[in-house]
Protein chains: 2
Amino acid sequence: MNIGEASGASGVSAKMIRYYEQIGLIAPKGRTESNYRVYGEEEVHVLRFIKRARSLGFSLEETETLLKLWQDKSRTSSAVKEIATTHINDLERRIAEMQGMVKTLKHLSHCCGGDNRPDCPILDDLAGESPAKGERAAPGKNPANGESAA
Amino acid sequence: MNIGEASGASGVSAKMIRYYEQIGLIAPKGRTESNYRVYGEEEVHVLRFIKRARSLGFSLEETETLLKLWQDKSRTSSAVKEIATTHINDLERRIAEMQGMVKTLKHLSHCCGGDNRPDCPILDDLAGESPAKGERAAPGKNPANGESAA
DNA sequence: TGTAAGGCTTCCCATCATGGGAAGGTCAAG
DNA sequence: CTTGACCTTCCCATGATGGGAAGCCTTACA
């Protein structure tokens, strides 16, 4: 199986397969005389594993760790679970962050006429001017605002 | 005001201020004889605008558009609202995507013993083997899976 | 058997927003 | 006048992916 076929069988682009090889995630079974990469079922299986991990939002670094654990028959499931849990927490943190943005934006959008006139609470907020009621959207404890620690 | 002071006043790093200048988002009021950038209150205001837009998840490209609209006194609020709405939709799409991942991962994590034994449903799922009940987590209509269109 | 199309190889570049760091000039305080 | 902090520009790195060029190889067809 050459790289194009492996790509078709795994759903991973040839470009990415080469990249994964470059960063040490996967190696072809070998090379033909003319230097073509050769893959077998096992490699395709690994590629699918990577693809699935990526689709669950794991980074390539996390994926690499998971891959090693997968291939390590003596791993403990707790090691795997810990990675997953950390990733879940990370996802949930990012979700909450974006939800805060959405909340603020929806509020501003709701207050914005969206008509032909130029006055716009959205721009006013961005500019730090909140004419209505003299306060920002989501005053004080705005969850979309990670500035304090930055 | 030099770049360090503008950075302190706006909360935008000096590095980023230079970058924003490079991509045409903001220019200093002028330069000193010794080539130092000089900023005034107006520039700091723009920097805060950018920062606020970024904290709401707008890309720099969107931010640039918003900035132009802000400075265009004859803009319509509908033009601004449209950008905001598009951005809200984008955020919500991404949130849903990540929520799908979380849902799947939580299910898998829940099924995983997290003990000293090697058998792990999380790895089984990644490997495409679902021993329990013979099905993948979130069978069929798995929302964490954008593969179909890719 | 010759040729054309398409697949493979490597290498470089771009994205997006941000930070790190080096080399060298400048300013202000001691 | 020195020293340290700040400024300048320039280059590089991140993470994951894609685009494309130049050149070799394979396959299918006439």
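Convention: sequence-line order gives letters A, B, ...; per-chain numbering from 1. Since the structure is predicted, the reported quantities are computational estimates derived from the model, not experimental observations.
Atom CD in A:E21 sits about 11 Å away from atom C1' in C:dT9, given to the nearest Å. Here the P atom of nucleotide C:dC8 and the CZ atom of A:R31 are 12 Å apart, to the nearest Å. For A:I23 and D:dA13, the CD1 to P distance is 16 Å, given to the nearest whole Å. A:R94 has its CZ atom 12 Å from the C1' atom of D:dG15, to the nearest Å. For B:Y36 and D:dA5, the OH to P distance is 14 Å, given to the nearest whole Å. Remark: C1' of D:dG15 and CD of A:E64 are 14 Å apart, rounded to the nearest angstrom. If you measure from atom OH of A:Y39 to atom C1' of C:dC8, you get 11 Å, rounded to the nearest angstrom.
If you check residues 3-19 of chain B against DNA chain C, the residues with a heavy atom closer than 4.0 Å are B:S13, B:K15, B:M16, B:Y19, listed by number.
Sequence order on DNA chain D of the closest nucleotides to A:Y20 and A:T32 puts A:Y20 first from the 5' end. Comparing B:F58 and B:E33 along DNA chain C, the residue whose closest nucleotide (by nearest heavy atom) sits nearer the 5' end is B:F58.
Among the nucleotides C:dC8, C:dC27, C:dT18, the one closest to any side-chain atom of B:L60 is C:dT18.
For B:N2 and D:dC7, the shortest distance from a side-chain N or O to OP1 or OP2 is below 4.0 Å. Within the structure, every side-chain polar atom (N or O) of B:R54 is placed at least 4.0 Å from both OP1 and OP2 of C:dC16. For A:R37 and C:dC8, the shortest distance from a side-chain N or O to OP1 or OP2 is not below 4.0 Å.
Counting non-hydrogen atoms of neighbouring residues, nucleotides and ligands closer than 6.0 angstrom, the CD atom of B:E92 exceeds 12 such neighbours. The 12-atom threshold is exceeded at CZ of A:R94, counting heavy atoms of other residues, nucleotides or ligands nearer than 6.0 Å. Residue A:E82 qualifies as open at atom CD: its count of foreign heavy atoms under 6.0 Å is 12 or below. Counted within 6.0 Å of CD on A:E5, heavy atoms from surrounding residues, nucleotides or ligands total more than 12; the atom is thus considered enclosed.
In this structure the side chain of B:Y20 reaches within 4.5 angstrom of the side chain of B:L60, judged on heavy atoms. Contact of the A:K68 side chain with the A:R75 side chain is not registered, since no non-hydrogen atoms from C-beta on lie closer than 4.5 Å.
Within 4.0 Å (heavy atoms only), A:S59 reaches sugar-phosphate atoms of the nucleic acid but no base atom.
Cluster membership for A:I17 and A:Y19, using ILVMFWY side-chain heavy atoms within less than 4.5 angstrom, is shared.
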